[in-house]
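Step one of this worksheet: look at the structure below.
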Amino acid sequence: MKLRLTFTVNGEPAEALVDPDKTLLEVLREDLQLTGTKHGCELGECGACAVLVDGQPLLSCLVVSHECQGRSVVTVEGLTVDGRLHPLQECFADLGASQCGYCTPGILIAAKALLDREPHPTRDLIREALSGNLCRCTGYQQILDAVEAAIVRPGHASARDGRGGQS
Amino acid sequence: MSRRVIGTPRRRVDGRAKVTGQTRFADDIILPRMAHCKLLRSTVPHAKIVHVDTSKAAAVDGVHLVLTGHSFPIAYGILPVSHDEHALCRDVVRFVGDPVAAVVARDEATAERAVRLIDVEYEVLRTISSPADSLAYPEPRIHDYGDFGNVHKAVALQFGDVDAAIAGADHVFDDVFFFEGNTHLPIEQHATVATKDPDGKLVVYSSTQTPHYLHRALAKALEMPAAHIRVVATPNGGGFGGKSDPFNHEVVVAHAAMRLDRPVKIALTREEVFYCHRGRHPVLMRFRTGVSKDGTITGLDLQTLLDGGAYGSYGVASTFYTGALQTVTYDIPTYRFRGCRTFTNKPPCGPKRGHGTPQSRFGQEVQLDKIAEKLDVDPAQLRLGIVQPPDSLTANFLRVGTIGLADCIKKVVDRSGWRDKFRKLPSGRGVGLACSSYLSGAGLPINWNDLPHSGVQLKLDRSGGVTVFCGATEIGQGSDDVLVAIVAEVLGIEPFDVRAVTGDTDLTPVDLGSYSSRVTLMMGNAAIQAAERARELIAAAVSARLDIPKDRLVFADRRVFDSADPDRGTSFREAVCMAEAKFGTLGTTGSYTPPRSPAKFKGGGVGPSPTYSYTACVVEVDVDLETGWITVPRVWIAHDIGCALNPVLVRGQVEGGVYMGLGEALMEEQVFRRLPPKLSHALVHKFPSMLEYKSPTFLDMPEVFTDLIEHPDPAGPFGAKEVGQGPLLPVMPAVANAVYDAVGVRVDSIPVTPEKILRALAAKAAGKSARSGPASFPDVPWPETLLVTPPWAGGDGRAANDPKRPSHRKVDAGIEAKAAGMDKGTGA
């Protein structure tokens, strides 16, 4: 018996007919084909699947999808506004915070949740906020640098992306 | 002409895709009519398969196909000498996790449900749980091949009279070390999608570091012409060596897609990734080293014993790698290496970042710390006195070109304040130093042939667009960025003007894959050649059209112009049009093949490289004397990179290497639970989950101070050497040496844990040896040692007693006598 799930995803209304035991992660990736959200364990251990639910960072592999009825979900696909990257995205791309990129969506979400709550966090606070997200490539330093850089970066970055390869 | 792209810190070309979630990993591929596959894995470590009953699974609604080993009669494997894997086990299972059957169904849940309904009847065999077991029990054999019993490979090589050299030394150091196994833990779990093209050919998208080798394995295992198989390596969500073998799940879904004529996907669970493994071999090792009063090494006698797990994988190469690179860092005039890899009933070990070299690097660097203490010399000073000279040939015939190791050592000593800290910090705090080197690509291919190791094609047309094609695989290291940056630099355009097509066996020329730190150097050199050939065509056309001498033409700022009069010239796009008009459709190629190695002895194929990178590292630790808890507040590291093509990426590789090294040094262990053999045959992974397999988090990572030593190496593109693996290597011994400086106990085994420190502290307090580590190295029935005269003694790179040696058969008296004489002459 499938359930009708109606909620908001990245600011747009979304609807899916899903098995009751399906996780939010599965609905996002399989039913809505929003594959930007990743999975690394499906047990809540790695942080790769983090999304915002009503502004709170949650591990979508541990959220039963029908709990999101009527709620608002933001995934990595929802971070760009009017085709422009979020300052976190700009800084991650510029400063080497994303190597293989697989943990990146989850870390961006966790970092956005932090900056939404605390616009000027210390490095230790950033460490704490991101400590549920594993990254095997970077050694974390360039991620910390990128979050710090995003704190002081104006809301909309210059269009480094694309034209002229000046970045 | 100064460089515009190379050497400038830049956003990588695929940076935007990664931060927007648009990088398409294998499991992100969703195709119409796609079915899903699940594997049934063995629940016992070693058993004969008596019977597999798939009838209940096949009857489940929604199941399309159930497969067993009967469908896969042909063995494959990564090394030609160990094709010992079947996609599904046929007669025997060799570890808990070995795949026995597969179900393909309309969705994952159905496949999962059906796979549980498969009944397997096993006849249990003795569990071989360790190298000690392997040596003690030649029967039952885990494989019916290998050197003998459950020994997969045993090798013995000698370069000069090492026994005399050690006997004649002022000091002899004899130490036994152990390095526990650990795994890659890429955040992306392996995934593969196979489909039949509309024209009937096979297409496989997979998270593989080595599409070329997967291509070969699929052709063999499925008995299909390679030309009718297309392998696309999707960007890997981390590799670290763990996606370098052809995997059973890849073969299974390829077979299923062809049979069902529909796309089939498999995405492994995290637990299954632990079973795929191919990670760091557990290695027991014994270093016997002769040292003169002045700190120079007279000879090294090294023995290593590797726990290989259940299959060959890269194991023969891994075995040789435990003994290959000691001589590349330090001047060791005489050397004997004996290595033995055994089969055990555990997930197969293979290549993890550093491949076979970190284990013995750990032993060597900790022993050097002990040597320095005994000789009462600073460990940095000791090492500076024995650094292998540049442009030299080592005792085991490895050709060293540029070597920035001394600069690396001096840099970390200065930056860390070493002189004010070493043996001077209060109890509980300490610093340790260690060094290392690594290959910039293996000098020999896995399948020996005379074909290029990397090929690059360039397509340019009247749009001004440039597309570069290469089989190299993006695993996060930034190979696409290196490729594009090099082409952009040579042609004087921006990276954004270049499109890269990579890792696709239909579309791209062969590159052997992302392993052995080979891509920047090999692909880079091929890319330079292809781009320079394109530049030559364009220059010829522009020169003729604009009447400017060719050698005065400059390619920069998206223009081609006269260096004597920069206003005279044309846009890059116009220049390409001129070349297309003059020469017809434009396309160029470049290839790279490493130089031939002077090592001609059996086993000499492992270790040669076009050039070696070097690293030095200082680690600072705080050790709690009550609990043994270790904190690492700071790490200083200097890496001899030759030239940093994109410093942002290079720094990321160095820091990522330090991170992974700290994980290995302090917490990561791929270990198994065993009940007393009398009670049970069980042997299971202790913690196949990310929660319990501990790896460093944001909170564990110290500050890392990175310095790059840039002396361009003539062998590398723009002088670049590798950086993906080298910086990991010195971290583990530096941690162990720092712990000794902090609390005065030696932990001669990795990982360095609070328990081991407390045990050693207790032993010390009881007046026993202040050490935690293995007591002895077992007797291994070594094969006859191949005797190779070192180059400094006139050796020709061959073994004197190689049965295949022409002179051996013909009894070339001259060379034999010379070799024998030289051996005697190396005594001191």
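All chains are named by letter (A, B, ...) in the order of the sequence lines, taking the proteins before the strands, and each is independently numbered beginning at 1. Predicted model, so just to flag it, every value in this text is computed and none were measured.
Counting heavy-atom pairs under 4.5 Å between each of V658(B), I475(B), V704(B) and chain A puts V704(B) at the top. When each of T8(B), T23(B), I30(B) is checked for heavy-atom pairs under 4.5 Å with chain A, I30(B) comes out on top. Taking G478(B), P696(B), G15(B), P186(B) one by one and counting their heavy-atom pairs under 4.5 Å with chain A, the maximum is reached by P696(B). Across D27(B), D14(B), T697(B), I187(B), the residue that shares the most heavy-atom pairs under 4.5 angstrom with chain A is I187(B). Counting heavy-atom pairs under 4.5 Å between each of G36(A), P105(A), G101(A) and chain B puts G101(A) at the top.
In this structure, chain A has a heavy atom under 4.5 Å from the backbone of N236(B), while its side chain stays farther away. In this structure, the portions of L185(B) lying under 4.5 Å from any heavy atom of chain A include both its backbone and its side chain. Residue contact with chain A, scored on non-hydrogen atoms closer than 4.5 Å, is absent for D700(B). For a residue to count as touching a neighbouring chain, one of its non-hydrogen atoms must lie under 4.5 Å from one of that chain's; by this rule Q477(B) does not touch chain A. T104(A) touches chain B through its side chain: at least one heavy atom from C-beta onward sits under 4.5 Å away, while N, CA, C and O do not. With a threshold of 4.5 angstrom between heavy atoms, R24(B) does not approach chain A through any atom at all. At a 4.5 Å heavy-atom cutoff, the contact between M690(B) and chain A is made by backbone and side-chain atoms alike. In this structure, chain A has heavy atoms under 4.5 Å from both the backbone and the side chain of V648(B). With a 4.5 angstrom heavy-atom cutoff, Q22(B) does not touch chain A via any of its atoms. For S689(B), the parts sitting under 4.5 Å from any heavy atom of chain A are the backbone and the side chain alike.
Within a 6.0 Å radius of CZ in R559(B), other residues, nucleotides and ligands contribute more than 12 heavy atoms.
E664(B) places no side-chain N or O within donor-acceptor distance of the main-chain N or O of G661(B), the cut-off being under 3.5 Å. Checked by atom type and distance alone, the side chain of H184(B) never pairs as donor or acceptor with a backbone atom of K243(B) at under 3.5 Å. Between the side chain of E489(B) and the backbone N or O of R4(B), at least one donor-acceptor pair lies under 3.5 Å. Judged by distance alone, the side chain of R29(A) and the main-chain N or O of T35(A) form a donor-acceptor pair under 3.5 Å.
With sequence neighbours left out, E42(A) forms a salt bridge (Lys or Arg N to Asp or Glu O under 4.0 Å) with no residue at all. Applying the salt bridge (Lys or Arg N to Asp or Glu O under 4.0 Å) rule to E45(A) yields no partners; only residues at least two apart in sequence or on another chain are considered. Remark: F92(A) engages no residue in a ring pair (Phe, Tyr, Trp, His ring centres under 6.0 Å) (not counting sequence neighbours).
Note: Q670(B) CD to F687(B) CZ = 8.5 Å, rounded to the nearest 0.5 Å. Considering CG of N646(B) and CD1 of I6(B), their distance stands at 8.5 Å, rounded to 0.5 Å.
Contacts from residues 133-143 of chain A to chain B, taken as heavy-atom pairs separated by less than 4.5 Å, involve N133(A), L134(A), C135(A), R136(A), C137(A), T138(A), G139(A), Y140(A), Q141(A), Q142(A), I143(A) in sequence order.
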- Item | Steps toward side-chain hydrogen bond (donor to acceptor under 3.5 Å, both in side chains) verdict (T269(B), E271(B)) | CA-CA 5 Å; T269(B) 65; E271(B) 183 178 351; 5.3 Å; no

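Results of the side-chain hydrogen bond (donor to acceptor under 3.5 Å, both in side chains) test with D94(A) over R10(B), R11(B), R12(B) single out R11(B) as the only residue that passes.
Scanning both residues, P727(B) and I637(B), for their nearest heavy atoms gives O-CD1, 3.4 Å.
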